[in-house]
Every structure is written in C-alpha cells, then in structure tokens.
*Asks:* 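One structure is given below, represented as structure tokens, and several questions about it will come after.
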Amino acid sequence: MALSHLAASASRSSSLLKPLSSALSLRRSISGDNSPLTVETSVPFTSHQCEAPSRSVETNPKELLTFFRDMALMRRMEIAADSLYKAKLIRGFCHLYDGQEAVAVGMEAAITKKDCIITAYRDHCTFVSRGGTLLEVFAELMGRQAGCSKGKGGSMHFYKKDSNFYGGHGIVGAQVPLGCGLAFAQKYSKDETVTFALYGDGAANQGQLFEALNISALWDLPAILVCENNHYGMGTAEWRAAKSPAYYKRGDYVPGLKVDGMDALAVKQACKFAKEHALKNGPIILEMDTYRYHGHSMSDPGSSYRTRDEISGVRQERDPIERIRKLILSHDLATEKELKDVEKEVRKEVDDAIAQAKSFGADRKEVRATLP
C-alpha cells in the first residue's frame, strides 16, 4: 500500500499558519490509514520500582507517516535555523534539537493538548509538536513581532498557552519545580491531566529538581519528570558529571523508566504508561536515551569533546527519522520516492516560512536573550 497522489492543497500562505501534524492529513489521502499495526520497540524498557510496559506498540499507517513528516520538518527547521544564525539573522543564544525529534513527536502522540509540557531552552521542536507554526518559530528566532513570544523571547523562550506549553526556560533546571506546580494545580482541579517537565542530563544534578520531586511524591502529584539524556551537559560527558548516570533511578523512592529516546514508538508507549501511572500513583521519572547532532548551542562546534565518528555512528545506527522510514518501507506504506517527495515538500514549507518571517518588520534589530 502506497501513498496516493497529492490532493488539492490550500494556499501556501495559509498552510504556514497550520500546525505541523495537520499538514499530512490536509494534503495527502491515505487509504487504510487506521488499520492497526503492532510494532516492537528497538530495545526493552528498563524499569525502577515499577513493571515495565510492553515492547509491543499499537500504531497505524497514518501515525507512522505523520511521525515521518513531522520529524522531517523539525529536522529541516533546525538545519535552517543553523543557516540563519550563521547569516546573523538570528542573534543571541540558539540551542538546536536535531537528533532528538523522536522525544517530541512520541510524547505528543501519547497525550492531549490538555496535558501540560514545560521544558528547558532546547524548545523549538517541542513548541511545534504542541501545534506551533513555522512562521511563529522563525519570526521569534529573528526577533519579529509575529513570533510566538512577539519576538522578545528568542530561541530559549517559546510559549503557547492555548496548548498548555509553558515554555522554554534559560535557568538550568528551574522549569522542573514550575512543572510540579502545574501538576499541583491539575490535582487540585481534578481534571485528570498531567504535566511533563523536561530537563537535560546536565540539569539532573540540580538540587531544586530533587526538592520538587520530593514534594511531588509527598502529595502524589501527576508530575512526569523527563530527563532528555543526550549524554553531554554542554561539553561535559555524563560520566564526568554524574556519579550515577542512571537518571531513571535517581528519584530513589519514585518509580522510573529508561526509554530509547531515538525510537518514537518507544517514547509514545513510555509516555502513555507514565501518564496512567501518574494519575493513579503520583510522580514518575522517564529517562530518554537520546542524542543531539549539533553542539550544545550555536557557539559550540560540538566536536572538541566528542569525535565525528561518534556522531556519524549515531546517525547511521539510531537516527529517529531513518528508523521510521525503514518501518514505513518494510510495511509497504509508501515508496522511497514518495517519502523523498514528502521531504521536498517539507523543505519548501520551511523556505516559505522563512521568507514570510523575513517580510515582517523587525521590532528590534536582534534577539539578545539575557539568560544562559
């Protein structure tokens, strides 16, 4: 079964204002898109003080094709941001997410927009997964008023309240107690929703994280702490910074789960499991074993503390987009040409969004974020 021909699409300018995940359904018709598929995760889950979820994940062709398209678009968006930064159209701090896309799309597939997400400063793709548009992304990065924070936040301070995305935060680890506060409000309101508070392995040793986790456990808050372990806190390898790099166990009295964060379906399964757990039993920690291809930020070449062979090895063996591509091809859901056509469409959408963002007058000459 392959993708059908392109359906008539809306005008290019209006498509830029639509969330990413809706673009595939608007522009392509997929026959049998809800026929169930069962796929096994790449590696088993590793659990702490809880039973691990099943490796067998329920999915369907539409979801797999949406995963592919959304991750391809996120990847292209981040690569374009790299070029805009080097052209000095983006100033200040800029932290890119390419390589980690499976965490954003897998998490979103397991929850609803009523659930809350709060994260650190590597936030572009999380904002997009919550329904943010390319125009809002590039306008914000370039300091334009059409940006999601009206051009005043820059790369680190994306925000989308109507989808319960409470932003990127520049102070390392500071978003975790804020996320637990959101979870307290959810429990108080009894609305059966949860909060995902994301942080990196570099923030995992912050004292405020443990303080917030302690009170969340005391009060059984529906808080899910997600350590996006890309193995380097800035330029410091995890083994140099943490005596115990098993971050899913760091809560001690709080259950934890280690997840292959390069496998979108494994992330989906883990987040679904975590939400069910948190609503019944209180907080849980998820460690997403992932990897960033760029350096810590645009000022970091990313090659002084790790080898190019290491980076290329991850790209060849664990890349989240290539994993989904292989899955789609192996189940005959699309042809190689059709997937390449999707990537061409994505490139065009990104280029169009950049052009439109540039057309807005800058409300200041440059974005200079004030937080590290």
*Asks:* Before giving the answer on side chain to side chain contact (heavy atoms under 4.5 Å, CB included), spell out for Tyr248 and Cys227 the whole-Å C-alpha distance, their side-chain angles and the decisive distance to 0.1 Å.
*Replies:* CA-CA 8 Å; Tyr248 68 102; Cys227 178; over 6 Å; no
*Asks:* If we check side-chain contact (heavy atoms from CB on, under 4.5 Å) with Val57, which of these qualifies: Leu265, Val267, Asp263?
*Replies:* Leu265
*Asks:* I'd like to know if the side chain of Arg144 and the backbone of Gly151 have a donor-acceptor N/O pair within less than 3.5 Å.
*Replies:* no
*Asks:* Could you tell me whether Asp191 and Lys114 make a salt bridge, using a distance below 4.0 angstrom between a side-chain N and a carboxylate O?
*Replies:* no
*Asks:* Can a salt bridge be assigned to the pair Asp220 and Lys280 using a cut-off of 4.0 Å between side-chain N and carboxylate O?
*Replies:* no
*Asks:* Once salt bridge (Lys or Arg N to Asp or Glu O under 4.0 Å) is applied, what residue pairs with a partner in residues 93-102 remain, sequence neighbours excluded?
*Replies:* Arg75-Glu101
*Asks:* Would you say the side-chain atoms of Ser56 and Glu40 include a donor-acceptor pair closer than 3.5 Å?
*Replies:* no
*Asks:* Return the CZ to CE distance between Arg91 and Met142, rounded to the nearest 0.5 Å.
*Replies:* 13.0 Å
*Asks:* Between Asp300 (side chain) and His296 (backbone), is there a donor-acceptor pair under 3.5 Å?
*Replies:* yes
*Asks:* To which residues is Phe184 joined in a hydrophobic cluster, defined by side-chain heavy-atom contacts under 4.5 Å among Ile, Leu, Val, Met, Phe, Trp and Tyr, whether direct or through other members?
*Replies:* Ile215, Leu218, Trp219, Leu221
*Asks:* Is there a path from Val342 to Leu329 through hydrophobic residues (I, L, V, M, F, W, Y) whose side chains come within less than 4.5 Å of each other?
*Replies:* yes
*Asks:* Flag the pair Lys160 and Asp123 as a salt bridge only when some basic side-chain nitrogen lies within less than 4.0 angstrom of an acidic carboxylate oxygen.
*Replies:* no
*Asks:* Among Thr195, Asn164, Leu279, which one satisfies side-chain contact (heavy atoms from CB on, under 4.5 Å) with Gln186?
*Replies:* Thr195
*Asks:* Using side-chain heavy atoms (C-beta onward) and a distance below 4.5 Å, is Pro255 in contact with Ser47?
*Replies:* no
*Asks:* Is the distance between the ring centroids of Tyr232 and Tyr305 under 6.0 Å?
*Replies:* yes
*Asks:* Under 4.5 Å between side-chain heavy atoms, hopping through other hydrophobics if needed: is there a path connecting Leu225 to Met288?
*Replies:* no
*Asks:* Do NZ/NE/NH1/NH2 and the carboxylate oxygens of Glu322 and Arg325 come within less than 4.0 Å?
*Replies:* yes
*Asks:* Would you call Arg315 and Glu310 a salt bridge, using N to O less than 4.0 angstrom?
*Replies:* no
*Asks:* Looking at Ser303, is its backbone amide N or carbonyl O close enough to the side chain of Arg308 to form a donor-acceptor pair, meaning the two atoms are under 3.5 Å apart?
*Replies:* no
*Asks:* Looking at Tyr188, I'd like to know if its OH atom is crowded, meaning that more than 12 non-hydrogen atoms belonging to other residues, nucleotides or ligands lie closer than 6.0 Å.
*Replies:* no
*Asks:* With the side chain counted from C-beta on, respond yes when Ile285 and Tyr247 share a heavy-atom pair under 4.5 Å apart, and no when they do not.
*Replies:* no
*Asks:* Is there a side-chain contact between Arg69 and Ile324, using heavy atoms and a 4.5 Å cut-off?
*Replies:* no
*Asks:* Check the pair Phe196, Cys116 against side chain to side chain contact (heavy atoms under 4.5 Å, CB included), reporting the backbone distance first and the verdict last.
*Replies:* CA-CA 6 Å; Phe196 288 77; Cys116 299; over 6 Å; no
*Asks:* How far apart are the closest heavy atoms of Gly202 and Val172, and which atoms are they?
*Replies:* O-CG1, 4.5 Å
*Asks:* Between Asp351 and Arg347, does at least one N-O distance fall below 4.0 Å, as a salt bridge requires?
*Replies:* no
*Asks:* Distance-only, no hydrogens or angles: does the Arg122 side chain make a donor-acceptor pair with backbone N or O of Gln100 under 3.5 Å?
*Replies:* no
*Asks:* Atom CG in Leu37, atom CG in Asn60: separation rounded to 0.5 Å?
*Replies:* 7.0 Å
*Asks:* Assigning hydrophobic clusters by single linkage (Ile, Leu, Val, Met, Phe, Trp, Tyr; side-chain heavy-atom cutoff under 4.5 Å), is Tyr293 placed with Val105?
*Replies:* no
*Asks:* Is any side-chain heavy atom of Phe158 less than 4.5 Å from a side-chain heavy atom of Glu140?
*Replies:* yes
*Asks:* Could you check whether Lys113 pairs with Glu108 (Lys NZ or Arg NE/NH1/NH2 to Asp/Glu carboxylate O, under 4.0 Å)?
*Replies:* yes
*Asks:* Between Tyr85 and Leu89, does a side chain to side chain contact (heavy atoms under 4.5 Å, CB included) hold up when you go through it step by step?
*Replies:* CA-CA 6 Å; Tyr85 193 96; Leu89 290 170; over 6 Å; no
*Asks:* Establish whether Tyr291 and Val259 are linked, either directly or via other cluster members, by ILVMFWY side-chain heavy-atom contacts under 4.5 Å.
*Replies:* no
*Asks:* Does this structure show an ion pair linking Arg323 with Glu317, if we count only N-O contacts that are shorter than 4.0 Å?
*Replies:* no
*Asks:* Distance from Glu343 atom CD to Leu73 atom CG, nearest 0.5 Å?
*Replies:* 11.0 Å
*Asks:* Report yes if the side chains of Met298 and Lys86 come closer than 4.5 Å at any heavy-atom pair, otherwise no.
*Replies:* yes
*Asks:* Which pair of non-hydrogen atoms, one from Arg306 and one from His294, has the smallest distance, and what is that distance?
*Replies:* NH2-O, 2.8 Å
*Asks:* Find the distance between CG (Leu333) and CD (Glu338) and round it off to the nearest 0.5 Å.
*Replies:* 10.5 Å
*Asks:* Measure from the side-chain N and O atoms of Thr46 to the backbone N and O of Lys258, and report whether any donor-acceptor pair falls under 3.5 Å.
*Replies:* no
*Asks:* Between Tyr166 and Tyr159, what is the ring plane arrangement, given parallel below 30°, perpendicular above 60°, and tilted in between?
*Replies:* perpendicular
*Asks:* Shortest non-hydrogen contact from Arg130 to Ser163?
*Replies:* NH1-O, 2.8 Å
*Asks:* Would you check if Val176 and Gln206 make a side-chain contact, meaning some heavy-atom pair closer than 4.5 Å?
*Replies:* no
*Asks:* Using atom types as modelled and distance alone, determine if a side-chain donor or acceptor of Gln269 lies under 3.5 Å from a backbone N or O of Ser54.
*Replies:* yes
*Asks:* To the closest 0.5 Å, what do you measure between CE (Met107) and CD1 (Ile111)?
*Replies:* 5.5 Å
*Asks:* Going through the checks in order, is the side chain to side chain contact (heavy atoms under 4.5 Å, CB included) test met by Leu134 and Met77?
*Replies:* CA-CA 8 Å; Leu134 290 174; Met77 177 185 75; 3.9 Å; yes
*Asks:* Between Pro320 and Gly99, which heavy-atom pair has the shortest distance, and what is it?
*Replies:* CG-O, 3.6 Å
*Asks:* Is a donor from one side chain sitting under 3.5 angstrom from an acceptor on the other, for Thr193 and Asp115?
*Replies:* no
*Asks:* Where the side chain of Thr41 meets the backbone of Val43, is there a donor-acceptor pair that is under 3.5 Å apart?
*Replies:* yes
*Asks:* Is any side-chain heavy atom of His169 closer than 4.5 Å to a side-chain heavy atom of Ile118?
*Replies:* yes
*Asks:* Using only heavy-atom distances, determine whether the side chains of Ser155 and His124 contain a donor-acceptor pair under 3.5 Å.
*Replies:* yes
*Asks:* Is the backbone of Asp252 close enough, under 3.5 Å, to the side chain of His48 for a donor and an acceptor to pair up by distance?
*Replies:* yes
*Asks:* Using modelled atom types and a 3.5 Å cut-off, is there a donor and acceptor pairing between side-chain atoms of Ser216 and backbone atoms of Ala223?
*Replies:* no
*Asks:* Between Leu339 and Phe68, is there a side-chain heavy-atom distance shorter than 4.5 Å?
*Replies:* yes
*Asks:* Under a 3.5 Å distance rule, please check whether His331 uses its side chain to pair with a backbone N or O of Leu327 as donor and acceptor.
*Replies:* yes
*Asks:* Can you confirm whether the side chains of Glu136 and Thr133 place a donor and an acceptor under 3.5 Å from each other?
*Replies:* yes
*Asks:* Shared ILVMFWY cluster between Leu286 and Val194, side chains joined below 4.5 angstrom?
*Replies:* yes
*Asks:* Side chains of Tyr97 and Glu228: do they bring a donor and an acceptor to under 3.5 Å?
*Replies:* yes
*Asks:* Within this structure, what is the SG-CD1 distance for the pair Cys50 and Ile284, rounded to the nearest 0.5 Å?
*Replies:* 4.5 Å
*Asks:* Does the distance from a Lys or Arg side-chain N to an Asp or Glu carboxylate O, for Glu63 and Lys268, drop under 4.0 Å?
*Replies:* yes
